[in-house]
Amino acid sequence: MTIPASFIQELIARADVVEIVGRYVQLKKAGANFMGLCPFHGEKSPSFSVSPTKQFYHCFGCGVHGNAIGFLMEHAGMGFVEAVHDLAGQYGLQVPEDDASPAERARAASQRQKQATLSDVLEKAGDAYRKHLRQAPGAIEYLKGRGVSGEVAKQFGIGYAPAGWRALASVFPDYDDPLLAESGLVIVNNEEGQLSESEAKRYDRFRDRVMFPIRNVKGECIGFGGRVLGDEKPKYLNSPETPVFSKGRELYGLYEARSAFRDRGYALVTEGYMDVVALAQLGFPNAVATLGTACTTEHVQKLFRFTESVVFSFDGDAAGRRAARKALDGALPYATDVRSIKFLFLPAEHDPDSFIREHGAEAFARFVTEATPLSRFMLEAAREGCDLTSAEGRAHMTSNVRPLWGAMPDGALKRQLLSEIATMVQLDAPALSELWASTPGPRKAAAPAQQQPRHSEPGHGGGDDYYPDMPPPQDYEPQRYESNSAPRKFVKGKGKRWGGKFEEPIEPLRGRGKPPSRPDVAVRLLLSNMAQWDALSHELHLMLCDLPGSHGALFTWLDSQLHEHGVQPWAALREGMRGLDFEALAERLMNISEAGPVPEGEEEQHLADAAKELTSVLDFMLDDRLKAQQSEAIAAVGKDPKALERYKALEARRLELRNRLRPSGTETA
């Protein structure tokens, strides 16, 4: 039996190591961390630290360290699989098991390679559509008529598919390539099996349409949406389901809007491509859209990786109310006490684009603020068609609201709604709860993606990397357990037990050890507080990802992790990088960075100092990068008339950096 590594990563990200360790060790808050007496060696003063931000424990006395799974194995004597199941059960997660044979894993690897190839094909088509747009006055006029600027069109990669039946033949010389059909770009008509593969008629799926690339959270093109220039039908045409595109899981504009979620404080979910583009043009870059399908639980789960507040915007007509009702079903499993979910209904004659143009951005922003909370909309949906002045009507509402209320996670919001529902149907809360407990409810729908992770899917953080039952791989952290799955006895003293061998604990570098480089310092700070990565500029992202060797590979991976999973603690990141080339670099830097606990009341100052240190290090690195670009500019003088101008602009930027760095005195990296 094996468990996908990506599930382990998600489980560590969800678990609270403070809560797990606190069941066995008396912990006391000590600044940003918690401290207690180490359960693995005798001590009189606490040196055992548990970090809620890193989701890691570390003893400064004996050197033991690990995550929540490791603690259950080491202290509670559980086997690896037993610890995973125990921890997953505490957080309501179902452990996926994979007994794939080598042949099946090879097929999975082949499938991942095909997905990468399909994305390349779609990217090439997108480039062609953008070039066609420059020579398509009708399409340009349409976009101008909708108020779309060239800057926004470039941001969203908007293009144009010519009217011809085989325009893509000029882009792909082998028009019969099966990848064109598999990617959804070309339709193959064999007249219901009457024609052979070679005789089948092939033609472009998208013709005479404005083209909107659909990107995943990593920015890869996975499909297209095409909009006609006039009133022909269908008005919108999406790519079909392919190995890289599933409209039930993807959101248009998510890649472009993800940073705006933080700036604006919420995600705005609309119904169409043009809504997203127009809203970005008019000051609401935090908008996304479902792709011609109802909002699903997977859509909602994906949004909550980036924000804690979602506003669904729908037209005020009957179709808009129906769409909102489906969105409610998708959102209820994620309606926790710390999240905000609202429903915005515009006047029937308006969509977001037309409303803002007529009434202005401030009026629309006010509409967003006054949107209907999920709790109120849920009760309105449940009472629709029910006469609450009669016993029959109240009983009808009781039946309607039960599955909606039951889909919510337990918490204060759910319990408050129980009391409110009871008042509406003229029962007290205990009686209503007893009624629902004593009568069979409706059959439960399949658990949302949160409880049935699709971790075997490519691109989900290590789809075919597995953790078998004990013994774990040699690089599993922590490596200090006997090699069978029976309960293990911890050997007291310094060091760690592994397969009968006794190892010395990892010690920080001291004395004349090589000092950390600037990239090393950046790695340590960003892995310690991943949220800082999202706050960096695009230029700094490029600089770090372009670093040679393991450093650049690590930062590229960190960027993809943020897009796919959101901000994660160090313990979860540690799980996700197992087996990767930069794993040793990251673990070495994080191990030597262990220091004493932050004193009480100095947590904010500690974070501020870390942020200041990161800014300083990155400024020095950026100065080096600009200096190298200056050298390139000087070398080009005489060949490139703009080279000297570039050099002067770079010198101005370097002067600004040096002025910023000067007050700090000597560099800290």
- Message: Can you confirm whether the side chains of N216 and E250 place a donor and an acceptor under 3.5 Å from each other?
- Response: no
- So with a 6.0 Å cut-off around NZ of K326, is the heavy-atom count from everything else above 12? no
- Item | Salt-bridge contact E10-R14 (side-chain N to carboxylate O under 4.0 Å) | yes
- Is atom CD of E362 surrounded by more than 12 heavy atoms (other residues, nucleotides or ligands) closer than 6.0 Å? no
- Item | Non-hydrogen atoms of C545 and T556 that approach each other most closely | CB-OG1, 3.5 Å
- Does S119 offer a backbone N or O that forms a donor-acceptor pair with the side chain of E220 under 3.5 Å? no
- Contacts of V311 that satisfy side chain to side chain contact (heavy atoms under 4.5 Å, CB included) - sequence neighbours left out: Y266, L268, K342, L344, V368, A371
- Query: So, N286 side chain and A267 main chain: donor-acceptor pair closer than 3.5 Å or not?
  - Reply: no
- Task: Decide if atom CD of E380 counts as having more than 12 heavy atoms of other residues, nucleotides or ligands within a radius under 6.0 Å.
- Result: yes
- Message: Could you work out, with ring pair (Phe, Tyr, Trp, His ring centres under 6.0 Å) as the rule, every residue matching W533, not counting sequence neighbours?
- Response: H541, F555
- Message: Any side-chain to backbone donor/acceptor pair from N238 onto L291? Under 3.5 Å, distance only.
- Response: yes
- Message: Under the rule for ring pair (Phe, Tyr, Trp, His ring centres under 6.0 Å), what residues qualify as partners of F245, not counting sequence neighbours?
- Response: none
- Task: Could you please spell out the steps behind the side chain to side chain donor-acceptor pair (under 3.5 Å) verdict for T117 and D120?
- Result: CA-CA 5 Å; T117 304; D120 290 341; 5.4 Å; no
- Task: Among residues two or more places apart or on two chains, list those pairs meeting ring pair (Phe, Tyr, Trp, His ring centres under 6.0 Å) that have a residue in residues 277-297.
- Result: F284-F364
- Task: Salt-bridge test for D546 and R625: reply yes if a basic N is under 4.0 Å from a carboxylate O, no otherwise.
- Result: yes
- Query: Would D127 and R130 pass as an ion pair if we require N to O under 4.0 Å?
  - Reply: yes
- Message: Run the side chain to side chain contact (heavy atoms under 4.5 Å, CB included) test against E241 and tell me which residues pass, sequence neighbours left out.
- Response: S246, K247
- Item | With E656 via side chain to side chain donor-acceptor pair (under 3.5 Å) - residues at least two apart | none
- Give a yes or no on whether D581 atom CG has more than 12 heavy-atom contacts from other residues, nucleotides or ligands under 6.0 Å away. no
- Okay, side chain of D275, backbone of T270: is any donor-acceptor separation there less than 3.5 Å? no
Atom pairs and distances, side-chain donor-acceptor, residues 149-158, under 3.5 Å, sequence neighbours left out:
residue, atom, partner, partner atom, Å
S149, OG, V152, N, 3.2
S149, OG, Q281, OE1, 3.0

- K235/E232 under salt bridge (charged side-chain N to carboxylate O under 4.0 Å, His left out): CA gap, chis, key distance, verdict: CA-CA 6 Å; K235 183 180 292 186; E232 302 91 74; over 6 Å; no
- Message: The criterion is ring pair (Phe, Tyr, Trp, His ring centres under 6.0 Å); which residues satisfy it with F367, sequence neighbours excluded?
- Response: F355
- Indicate yes or no for a side-chain donor-acceptor contact from H299 to the backbone of T296 under 3.5 Å, with no hydrogens or angles considered. yes
- Taking side chain to side chain donor-acceptor pair (under 3.5 Å) as the test, write out the residues that go with Y129, two or more places apart. none
Could you pull out every donor-acceptor pair under 3.5 Å between side chains of residues 137-144 and any protein atom, sequence neighbours left out?
residue, atom, partner, partner atom, Å
Y142, OH, R146, NH1, 3.0
Y142, OH, R227, NE, 3.0

- Will you find, in the side chains of Q568 and Q55, an N or O donor that is under 3.5 Å from an N or O acceptor? no
- Just checking, any donor-acceptor pair under 3.5 angstrom between side chains of D619 and S616? no
- Cationic tip of R339 above Y334 ring, under 6.0 Å, 45° of axis: no
- Counting N and O atoms only, with roles assigned by atom type, does the side chain of R209 sit under 3.5 Å from a partner on the main chain of G226, one being a donor and the other an acceptor? yes
- Query: What is the minimum heavy-atom distance between A586 and L554, and which atoms define it?
  - Reply: CB-CD1, 3.8 Å
- Message: Could you report the tightest heavy-atom contact between Q532 and A611, atom names first, then the distance?
- Response: OE1-CA, 3.3 Å
- Query: Would you call the rings of F56 and W570 parallel, tilted or perpendicular, where under 30° means parallel and over 60° means perpendicular?
  - Reply: tilted
- Item | Listed partners of Y160 passing ring pair (Phe, Tyr, Trp, His ring centres under 6.0 Å), at least two apart | none
- Message: Run the side chain to side chain donor-acceptor pair (under 3.5 Å) test against R376 and tell me which residues pass, sequence neighbours left out.
- Response: none
